[in-house]
Amino acid sequence: MTSIDNLTGRPRPLETSISERSRAGSAAGNSKPTGEAAADSITLTETGSQITAASREMAATPAFDSAKVERIKALIAEGRYAIDPQRIANRFIELESSLGKA
């Protein structure tokens, strides 16, 4: 992305790359000596840690239970799959209640 430089009227980049910032920091004397390694660190909050753990768990879990899908398919094919409208209604009520609290 570019913008117009107010002084020269020429386009200039709005964002600088990491290497450009490194060079700028070196020129300004803001960099560490050559022999010293830069140590970056990240500190996660409790919520961030929980999100990371949940993401890893979801990645390790299959998207669906294929054995359960096959059982339901067989029941439907045999005409033995029973639908409980009251149970479905109760689950919708639970869902709506939980969404209202969020």
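Position 1 is the first residue of the sequence, and the numbers go up from there. Worth knowing before you read on, the calculation uses all heavy atoms, side chains too, and leaves out hydrogens, waters and symmetry mates.
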Atom pairs and distances, side-chain donor-acceptor, residues 56-65, under 3.5 Å, sequence neighbours left out:
{"unit_1": "Thr61", "atom_1": "OG1", "unit_2": "Glu57", "atom_2": "O", "d": "2.7"}
{"unit_1": "Asp65", "atom_1": "OD1", "unit_2": "Ala67", "atom_2": "N", "d": "3.2"}
{"unit_1": "Asp65", "atom_1": "OD1", "unit_2": "Lys68", "atom_2": "N", "d": "3.3"}

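- Among residues two or more places apart in sequence or in another chain, the salt bridge (Lys or Arg N to Asp or Glu O under 4.0 Å) test is passed with Glu94 by Arg91.
- In the hydrophobic cluster analysis, where Ile, Leu, Val, Met, Phe, Trp and Tyr join through side-chain heavy atoms closer than 4.5 angstrom, Ile88 is grouped together with Ile72.
- Contacts classified as side chain to side chain donor-acceptor pair (under 3.5 Å) and involving residues 70-79 (residues at least two apart or in different chains) are given here: Glu78-Arg80.
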Could you list the donor-acceptor pairs under 3.5 angstrom formed between side-chain atoms of residues 44-51 and any protein atom two or more places apart in sequence or on another chain?
{"unit_1": "Thr45", "atom_1": "OG1", "unit_2": "Gly48", "atom_2": "N", "d": "3.1"}
{"unit_1": "Glu46", "atom_1": "OE2", "unit_2": "Gln50", "atom_2": "NE2", "d": "3.4"}
{"unit_1": "Ser49", "atom_1": "OG", "unit_2": "Thr45", "atom_2": "O", "d": "3.2"}

